[in-house]
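Take a look at the structure below.
In what follows, chains carry the letters A, B, and so on, assigned in the order in which the sequence lines appear, proteins first and then strands, with residues in each chain numbered from 1. All heavy atoms count here, side chains included; hydrogens, waters and symmetry mates do not.
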Amino acid sequence: MAYWLLKSEPDCYSIDDQERDGANVWDGCRNYTVRNFFRDQMNEGDQGFFYHSSCEPPGIVGIVEVASGPVPDPTQFDPNSEYYDPKSSKEDPRWITREIKFVRKLPRQITLAELRQTPGLESMAVLQKGQRLSVMPVTDEEWTRVLQMVE
DNA sequence: GCCAACGTTGGC
DNA sequence: GCCAACGTTGGC
């Protein structure tokens, strides 16, 4: 059992979209570190923070759960998709992801600025300078500490 | 296999 | 819109 933080731009796919869809394939990610998290590190049943990025204000808005084993990202095979990858094949798919399902919204958003001000979260991956991964690990301690902020 | 150029992310 | 950080690409 592990915890994660998944970033999404709300203009593109928000927590409300996730709530409406329930479960869906987390597609479109084209970063090898993130691919490896999806393929090798996640476990079905792991939970994650749903984080709104590139918006005002950025921050954590909900909780989601890893709802499948590793699956190929279908958009890599679709020539009409902006995420189409002609170098990938169905025999040896390059981009692996998971189904992600909605668990709940937080009672209120926890902004990035708040996270930065919270003692105990100094080492949290999302707060580190220069990190830009769209999926990042969260420790047990960080998970608990963040949830305390909205209790 | 090195590394410069380029592209992307995402907070500010 | 700016720009720092850093991943990816491609020439050599």
Side-chain angles (χ1 to χ4, degrees), chain A residues 2-21 24-42 46-66 70-139 141-150:
Chain A
Y3 296 109
W4 304 91
L5 182 143
L6 293 91
K7 289 185 189 172
S8 186
E9 300 187 16
D11 288 349
C12 181
Y13 195 80
S14 72
I15 189 68
D16 292 324
D17 295 322
Q18 183 77 68
E19 181 174 28
R20 180 199 63 216
D21 292 346
N24 70 337
V25 173
W26 194 269
D27 62 18
C29 181
R30 294 294 179 265
N31 173 282
Y32 287 105
T33 301
V34 173
R35 187 278 308 269
N36 294 345
F37 284 149
F38 278 127
R39 188 185 60 188
D40 307 327
Q41 303 294 125
M42 278 187 183
D46 283 357
Q47 293 201 319
F49 290 129
F50 193 109
Y51 178 97
H52 281 172
S53 66
S54 294
C55 60
E56 186 52 47
I60 295 168
V61 292
I63 293 176
V64 291
E65 185 173 311
V66 177
V71 294
D73 180 340
T75 62
Q76 70 194 305
F77 308 125
D78 177 3
N80 297 316
S81 170
E82 63 176 308
Y83 302 117
Y84 178 58
D85 185 349
K87 294 177 181 171
S88 185
S89 68
K90 291 198 173 179
E91 295 71 33
D92 184 22
R94 177 178 295 198
W95 304 109
I96 302 296
T97 182
R98 300 276 181 145
E99 275 199 35
I100 297 294
K101 75 176 179 190
F102 178 82
V103 174
R104 62 184 169 97
K105 286 191 205 177
L106 295 187
R108 63 175 183 85
Q109 182 181 23
I110 302 173
T111 65
L112 177 62
E114 263 183 283
L115 293 172
R116 289 197 192 287
Q117 292 164 7
T118 302
L121 296 181
E122 295 83 358
S123 303
M124 202 172 176
V126 71
L127 305 182
Q128 303 312 303
K129 184 177 180 181
Q131 72 67 33
R132 337 169 276 175
L133 296 176
S134 58
V135 175
M136 290 178 281
V138 171
T139 68
E141 293 76 15
E142 290 161 355
W143 182 267
T144 303
R145 187 71 192 86
V146 169
L147 290 180
Q148 281 171 356
M149 299 170 72
V150 288

Is the shortest side-chain N to carboxylate O distance from A/Arg35 to A/Asp73 below 4.0 Å?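 Salt bridge flag = no for A/Asp73 with A/Arg35.
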
Distance under 4.0 Å to a non-hydrogen atom of chain A counts as contact; along DNA chain C, which nucleotides mark the start and end?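 On DNA chain C, the outermost contacted nucleotides are C/dA5 to C/dT8.
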
For A/Tyr3, is there any backbone N or O sitting under 3.5 Å from a side-chain donor or acceptor partner on A/Glu142?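 Looks like no, no N/O pair under 3.5 Å.
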
Quick one: CG on A/Leu6 to CG on A/Leu133, what's the gap to the nearest 0.5 Å?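 Here the interatomic distance stands at 11.5 Å.
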
Return the CG to CD1 distance between A/Asp40 and A/Ile96, rounded to the nearest 0.5 Å.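 CD1 of A/Ile96 is found 9.5 Å from CG of A/Asp40.
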
Are A/Asn24 and A/Asp17 side-chain neighbours, meaning at least one heavy-atom pair lies under 4.5 Å?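 Answer no - side chains too far apart.
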
Quick check: do A/Glu9 and A/Ser53 have side-chain heavy atoms less than 4.5 Å from each other?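 Yes, at least one pair of side-chain atoms sits under 4.5 Å.
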
Residue closer to the 5' end of DNA chain C, A/Lys87 versus A/Asn31 (nearest nucleotide):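 The residue closer to the strand's 5' end, by nearest nucleotide, is A/Asn31.
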
Pick out which of A/Tyr83, A/Trp95, A/Phe50 makes a ring-ring contact (aromatic ring centres under 6.0 Å, His included) with A/Trp26.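 For A/Trp26, the ring-ring contact (aromatic ring centres under 6.0 Å, His included) check succeeds only for A/Phe50.
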
Could you give the side-chain donor-acceptor pairs of residues 117-127 of chain A under 3.5 Å, partners two or more places apart or in another chain?
residue: A/Thr118; atom: OG1; partner: A/Glu114; partner atom: O; Å: 2.7
residue: A/Glu122; atom: OE1; partner: A/Gly120; partner atom: N; Å: 2.9
residue: A/Glu122; atom: OE2; partner: A/Gly120; partner atom: N; Å: 3.3

Near DNA chain C, under 4.0 Å by heavy atom, which residues of residues 73-82 of chain A?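 Hits under 4.0 Å, by residue number: none.
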
